[in-house]
*Asks:* 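A single structure is presented below for examination.
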Amino acid sequence: MSFEKIRPTRRGLMKGALATVTASTVPTGWAIAQARPLKVGLMLPYSGTFAKLGENITFAVEMLIAEKGGKLGGREVQIIKLDDESKPENAPQNTDRLVKRDQVDVLIGTVHSGVQMGIHKVVRETGTLTIVPNAGANAVTRALCAKNVFRTSFTNWQPAYGMGLALGAKGVKKAAWITWDYAAGNEAGEGFKEGLAKHGGEVVRTLTLKFPDTNFQPLLAQIPGLGVEAVGVFFAGGGAVQFVKEYKSAGIQVPLCGSGFLTEGVLGAQGAAAEGIETALHYGDNLDNARDKVFRKAFQDRTQREADVYAVQGYDAAQLLAVGIEAVKGNIEDEANLYKAMRSAKIESPRGPISMSASQEIVHNIYLRRAEGGLNKVVGIAAPALADPGTGCKL
Ligand code: BEZ
C-alpha cells in the first residue's frame, strides 16, 4: 500500500463552489461550505523509523470514515496526506502547507513529539481543529493547551508513570532509564522516575542517544556495571525492534521494561528476543471487551495487519471527529458547539473505558502487559483511569 505525498490540490474554497451557480441562486456562505467536502489533513510519518505507526493510524482513520459511508455530518470527506518524516525542523512548513495552502478543515497529526510541537505552534495561531493521534508531548495538553486541540492518545508521562509504579510495587529500588534524547523519551523518563519514587525507588542513571540513531552498543555495554535491578526504556517502531534484539544478544541479565511502545506493533519482528518483556500501555492484545474484538477483526480484514495501539488511537481520533462534526451537522464553523460536543464525547474505544479531561486529553487505564507468544498480554492494571495532571492548562 503506498502513501501519496501532498500535492497542490487546493481548488479554492469559494471559487470552485461559486463557479457552478448563477447569480440568482447564490447560496449562503454556510450552504457553499457544506457543499464542499470536509478536508481532513493527515500529517504523519510514512517513512523512517515511525512509518508503520503512521500507516496504522491512517488505515484506522480511513476505516472509521468508510464505516460512516465516506461522510461525516452529511459531508463527503477528502483526505490529504503528508509525510512528515518525523522531522521536527520541517514541521512548521509542512503544517503551513496543509493549513494555509490546502486549507484543511481538520488536521490529524502526528506521531513524533518534536514534530507535534511544530504543528502546535501553527494551529494555536490559526485555530485549526487538530486531533493528536499519537505524539505524547506533555505541553500540548498542559501549559500550551488550546481549545482547538484534542488528543486521543496519551501524554508521554502516562504509560511511563504506570510502568514506574508497577516496578516500584514489585520492590525495585534502583533502575536505569534509556531513551532517544528528545521530548518523548525524556518526558517518559520523568514519568517513570515519578512512578518508581511512589514506592521509594529511584532512577540512578539515564543513558541517551540522538533520535533516530540506533547505535545502542555503547549504552548496552554500560548496563552490567550500573548495579540496577531493572532497565526502563522508551523506544518505538523500527528502533524498538533493534534495541530489543540487541539487548537480548548482549546477554544482559537485568530485566528490561518500559513504555509499551517498546513492544507495540513490533513483536513479530522482535521474535523470541521480546519474550517476557513487561511494559505499560493503554492497550493490550487480549482485552476482554466486545468493542475491541469487533475493531480488531475489522482492522485485520481491511488491512491484513494486526491492530495495535496506533490503530486504536487513529480510530478514536476519527471517532472523536465524527462526534463533533455530526453534532454541528457538518458546519465546522460552529466552533462553540463543535468543541462542546467533542469535550463531552462518549466514545467507545477498543482500549476500554475512556473519558476526556478538562485539558482535552484522554483518561484511560494503563495496563501492565507481558510479551508472550507474539502478544502483549494484559497481566494487570498499572494505573486505573489515569488522567494526566494537565499542569498549567486553563481552558
Ligand atoms: C512521541 O514522539 O511522542 C512518540 C513516538 C512514538 C511512540 C510514542 C510516542
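Counting starts at 1 for both ligands and their atoms, following the listed order.
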*Asks:* Does K52 use its side chain to pair, donor to acceptor, with the backbone of G265 at less than 3.5 Å?
*Replies:*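 Yes; at least one donor-acceptor contact below 3.5 Å.
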
*Asks:* Would you say T152 and D316 are linked by a side-chain donor-acceptor pair, where the criterion is simply a distance under 3.5 Å?
*Replies:*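 The answer is no; no qualifying pair exists.
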
*Asks:* Identify, for atom 1 (C) of ligand 1, the protein heavy atom at the shortest distance, and state residue, atom and that distance.
*Replies:*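 Sorting protein heavy atoms by distance from atom 1 (C) of ligand 1 puts V111 O, 3.1 Å first.
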
*Asks:* Where do Y315 and F299 land on the side chain to side chain contact (heavy atoms under 4.5 Å, CB included) test, with the steps shown first?
*Replies:* CA-CA 10 Å; Y315 193 73; F299 190 81; over 6 Å; no

*Asks:* Could you go through the side chain to side chain donor-acceptor pair (under 3.5 Å) check for T141 and R151 one step at a time?
*Replies:* CA-CA 8 Å; T141 52; R151 179 151 53 194; 2.9 Å; yes

*Asks:* What's the verdict on side chain to side chain contact (heavy atoms under 4.5 Å, CB included) for V132 and V149, showing C-alpha distance, side-chain angles and the deciding distance?
*Replies:* CA-CA 8 Å; V132 186; V149 179; 4.2 Å; yes

*Asks:* Got a sec: does the CD of E89 have more than 12 other heavy atoms crowding it under 6.0 Å?
*Replies:*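 For E89, atom CD is crowded (more than 12 foreign heavy atoms under 6.0 Å).
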
*Asks:* Tell me, with the steps shown, if N186 and D181 meet side chain to side chain donor-acceptor pair (under 3.5 Å).
*Replies:* CA-CA 6 Å; N186 296 329; D181 184 11; 2.9 Å; yes

*Asks:* Which of the atoms of ligand 1 are close to F261, meaning less than 4.0 Å from one of its heavy atoms?
*Replies:*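 Under 4.0 Å from F261, ligand 1 has these atoms: 7 (C), 8 (C).
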
*Asks:* Between Y182 and ligand 1, is there a nitrogen or oxygen pair with a distance under 3.5 Å?
*Replies:*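 The answer is yes, given that Y182 and ligand 1 share an N or O pair closer than 3.5 Å.
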
*Asks:* Show the atoms of ligand 1 that are less than 4.0 angstrom away from any heavy atom in A236.
*Replies:*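 Under 4.0 Å from A236, ligand 1 has these atoms: 6 (C), 7 (C).
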
*Asks:* To check your reading of the model: name the closest protein heavy atom to atom 7 (C) of ligand 1, its residue, and the distance in Å.
*Replies:*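 For atom 7 (C) of ligand 1, the nearest protein heavy atom is N134 ND2, 3.6 Å.
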
*Asks:* Give the atom numbers and elements of ligand 1 that come within less than 4.0 Å of a heavy atom of A135.
*Replies:*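 Heavy-atom distances to A135 below 4.0 Å select 3 (O).
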
*Asks:* I want to know if ligand 1 touches L53 in the polar sense, i.e. an N/O pair below 3.5 angstrom.
*Replies:*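 It does not: no N or O of L53 is found under 3.5 Å from an N or O of ligand 1.
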
*Asks:* State the atoms of ligand 1, each with its element, that fall below the 4.0 Å cut-off from a heavy-atom position in N156.
*Replies:*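 The atoms of ligand 1 under 4.0 Å from a heavy atom of N156 are 3 (O).
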
*Asks:* Between F211 and ligand 1, find which residue part has any heavy-atom pair under 4.0 Å and reply side chain, backbone, both or neither.
*Replies:*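 Under 4.0 Å from ligand 1, F211 contributes no heavy atoms.
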
*Asks:* At under 4.0 Å between heavy atoms, which part of F234 makes contact with ligand 1: side chain, backbone, both or neither?
*Replies:*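 Looking at F234 and ligand 1, just side chain atoms fall under 4.0 Å.
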
*Asks:* Regarding Q304 and Q300, is there a side-chain donor-to-acceptor distance under 3.5 Å anywhere?
*Replies:*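 Absent: no donor and acceptor within the cut-off.
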
*Asks:* How far is atom 3 (O) of ligand 1 from its nearest protein heavy atom, and which residue and atom name does that atom have?
*Replies:*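 Heavy-atom neighbour on the protein nearest atom 3 (O) of ligand 1: S113 OG, 2.6 Å.
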
